[in-house]
Amino acid sequence: MDRTLEGRTALITGSTSGIGHGIAMLMAQAGAKVMLNGFGKPEEIAAARASVGAAMGGGDAPYSGADISKPDEVRAMVADAQKTLGSLDILVNNAGIQYVSPIEEFPDAKWDAIIAINMSSNFHAIKAALPGMRARNWGRIINIASAHGLRASPHKAAYVTAKHGVVGLTKVVALEVATTPITSNAICPGFVRTPLAEAQVGPLAKEHGVSEEVALRDYLLEKQPSKRWVEVDDIAHMAVFLCGPGSGGINGIAFSADGGWTAS
Ligand code: NAD
């Protein structure tokens, strides 16, 4: 791995698992000092800190246990990252949750949680991180949106709403920083092989009375022409590229990594 992020510092929300952990690993291997955030069993958090710490050259990676559904905790997490890492050059808003239900039965509390975690947290983190980026005249903001930031699916009212909001926020921030060496971009993955997506296969198999293999191919990946998972590493490499040499002119873009989903 080329050390394209040597000397950079990064905070990645939701990096105890899935896509966030993959981005943290690759950014660490590329030379960045990384702070982790997210939930999990103590042993899972310890393993994430150890693996990313090893990629940074040893010891445990710094970690914030902030619940990003709470604006105060988001602000404290950004301040903690700035203090612990010495600065905050790269902010990756990645943490997210999912809930699937017809809108008439969609629980209000799930709507509120998804809007807070998947969308509003991005606003609060960017607002807190931008002054430091402006002061140092360099910054990278990457929001992990979704193909569902560009396309709708039934039964995902809160998720699709939040992800469309994230794409919109990405563009507004891009315009506000356009004259500076700071950029704001979104990555819009299709279905990526992580706990969040894999958890949707079992219920689909049950609903349609088919095996998990058939449910994955015919129902979950119905809209993904590749008919295979996008891999965590695909998203991680894109995130590292957006922070590395040659990325300065890329601003306000929602990059699809979705096996062809949004091509049609
Ligand atoms: P995941 O479930 O593996 O990881 C989610 C992470 O977010 C975990 O670390 C979890 O602890 C953290 N998290 C959840 N609620 C939190 C909270 N309140 N405060 C702090 N951390 C919290 O999921 P993933 O698939 O890696 O998803 C990561 C992002 O990618 C999400 O925003 C998701 O919407 C997006 N995404 C995923 C897919 C996919 O198919 N997996 C597709 C498109 C977009």
Side-chain angles (χ1 to χ4, degrees), residues 11-25 35-42 44-45 47-49 51-52 61 63-78 80-81 92-100 109-110 112-122 124-125 142-151 153 156 158-167 169-170 186-201 204 216 220-224 226 228-236 238-239 254-259 261-262:
L11 169 64
I12 301 156
T13 68
S15 42
T16 50
S17 170
I19 293 171
H21 181 253
I23 294 173
M25 284 296 292
M35 177 179 265
L36 305 179
N37 156 257
F39 298 153
K41 295 183 187 136
E44 291 166 345
I45 294 170
R49 294 186 68 180
S51 56
V52 176
Y63 164 78
S64 162
D67 175 351
I68 62 152
S69 69
K70 302 187 171 128
D72 283 350
E73 295 197 23
V74 174
R75 286 187 280 271
M77 171 183 67
V78 170
D80 186 13
V92 183
N93 286 308
N94 164 78
I97 58 170
Q98 176 63 288
Y99 191 81
V100 181
K110 290 288 183 194
D112 289 344
I114 290 177
I115 296 299
I117 294 166
N118 294 20
M119 186 179 76
S120 299
S121 69
N122 294 23
H124 295 297
I142 299 175
N143 299 319
I144 306 301
S146 169
H148 282 118
L150 305 169
R151 296 283 190 278
S153 292
K156 294 185 175 176
Y159 190 86
V160 169
T161 302
K163 295 299 188 180
H164 274 67
V166 167
V167 171
L169 175 66
T170 303
I187 299 176
C188 296
F191 285 105
V192 185
R193 195 199 309 264
T194 71
L196 179 144
E198 285 181 308
Q200 297 173 53
V201 179
L204 277 173
L216 175 66
L220 193 72
L221 299 184
E222 183 198 356
K223 293 177 176 164
Q224 197 150 297
S226 62
R228 60 177 188 274
W229 293 107
V230 174
E231 300 296 340
V232 165
D233 228 30
D234 300 334
I235 310 301
M238 194 178 289
F255 287 92
S256 291
D258 62 10
W261 179 342
T262 48

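As the structure is a prediction and not an experimental result, all values here were calculated from the model. Atoms within each ligand, like the ligands themselves, are counted from 1 in listed order.
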> Atom CE of M238 and atom CZ of F255: how far apart are they, to the nearest 0.5 Å?
Replying inline: 7.0 Å
> Mind checking whether L36 and S64 have side chains closer than 4.5 Å, heavy atoms only?
Replying inline: no
> Quick one: nearest non-hydrogen protein atom to atom 40 (O) of ligand 1, plus distance?
Replying inline: V192 N, 2.7 Å
>> Testing the 3.5 Å rule here: is there a donor-acceptor pair between the side chains of N93 and T13?
In response: no
> Between A66, G38, P189, which one has a non-hydrogen atom sitting closest to atom 43 (C) of ligand 1?
Replying inline: P189
> Are the side chain of Y63 and the backbone N or O of G38 linked by a donor-acceptor pair below 3.5 Å?
Replying inline: yes
>> Would you say T16 and H21 are linked by a side-chain donor-acceptor pair, where the criterion is simply a distance under 3.5 Å?
In response: no
> Heavy atoms, side chains only, cut-off 4.5 Å: are F191 and Q200 in contact?
Replying inline: yes
> Looking only at atom types and distance, does a side-chain atom of H164 sit under 3.5 Å from a main-chain N or O of H148, one as donor and one as acceptor?
Replying inline: yes
>> Suppose we measure from atom 18 (N) of ligand 1 to each protein heavy atom; which comes out shortest, and what is that distance?
In response: D67 OD1, 2.9 Å
>> Within ligand 1, which atoms have a heavy atom of S17 less than 4.0 Å away?
In response: 1 (P), 3 (O), 4 (O), 8 (C), 9 (O)
> Evaluating non-hydrogen atoms only, which member of V230, V232, V92, T194 is closest to atom 25 (O) of ligand 1?
Replying inline: T194
>> Starting from atom 37 (C) of ligand 1, what is the nearest protein heavy atom, named by residue and atom, and what distance separates them?
In response: I19 CD1, 3.7 Å
> Sub-3.5 Å donor-acceptor pair from the side chain of S121 to the main-chain atoms of N118, do we have one?
Replying inline: no
> So do the side chains of S17 and T194 get within less than 4.5 Å of each other, counting heavy atoms only?
Replying inline: no
> Tell me: protein heavy atom nearest atom 16 (C) of ligand 1, and distance?
Replying inline: F39 CE1, 3.5 Å
> Does I68 approach ligand 1 within less than 4.0 angstrom via side chain, backbone, both or neither, non-hydrogen atoms only?
Replying inline: both
> Considering N94, N93, N37, N118, which one's heavy-atom position lies nearest to atom 28 (C) of ligand 1?
Replying inline: N94
>> Does the residue A145 have a heavy-atom contact with ligand 1, meaning some pair of atoms that are separated by less than 4.0 Å?
In response: yes
> Do M77 and N37 have side-chain heavy atoms sitting under 4.5 Å apart?
Replying inline: yes
> Of all the non-hydrogen atoms in the protein, which one sits nearest to atom 27 (O) of ligand 1, and at what distance?
Replying inline: L196 CD1, 4.1 Å
> Can you tell me which residue and heavy atom of the protein come closest to atom 36 (N) of ligand 1, and the distance to 0.1 Å?
Replying inline: Y159 OH, 3.4 Å
>> Applying a heavy-atom cut-off of 4.0 Å, say which part of K163 lies close to ligand 1: side chain, backbone, both or neither.
In response: side chain
>> I'd like to know whether NZ of K70 has more than 12 heavy-atom contacts from other residues, nucleotides or ligands below 6.0 angstrom.
In response: no
>> If the cut-off is 4.0 Å to any non-hydrogen atom of P195, which atoms of ligand 1 fall inside it?
In response: 3 (O)
>> Assess whether a salt bridge exists between R193 and E231, defined as any Lys/Arg side-chain N lying under 4.0 Å from an Asp/Glu carboxylate O.
In response: yes
>> Among all protein heavy atoms in this structure, tell me which lies nearest to atom 38 (C) of ligand 1, with the distance rounded to 0.1 Å.
In response: G190 O, 3.8 Å
> Counting from 1, what ligand 1 atoms have a heavy atom of I117 closer than 4.0 Å?
Replying inline: 18 (N)
> With respect to atom 5 (C) of ligand 1, which of G96, G65, A162, G18 exhibits the smallest heavy-atom separation?
Replying inline: G96
> At what distance is the nearest protein heavy atom to atom 15 (N) of ligand 1, and which residue and atom is it?
Replying inline: I97 CG2, 3.8 Å
> Counting from 1, what ligand 1 atoms have a heavy atom of A197 closer than 4.0 Å?
Replying inline: 39 (C), 40 (O), 41 (N)
> If every non-hydrogen atom of G14 is compared with every non-hydrogen atom of N94, which pair is closest and at what distance?
Replying inline: O-ND2, 3.0 Å
> Is S121 touching ligand 1 with its side chain, its backbone, both, or neither, if touching means heavy atoms under 4.0 Å apart?
Replying inline: neither
> Is it the side chain, the backbone, both or neither of T16 that has a heavy atom closer than 4.0 Å to ligand 1?
Replying inline: both
>> Using a 4.0 Å cutoff against the non-hydrogen atoms of F191, which atoms of ligand 1 qualify?
In response: 40 (O)
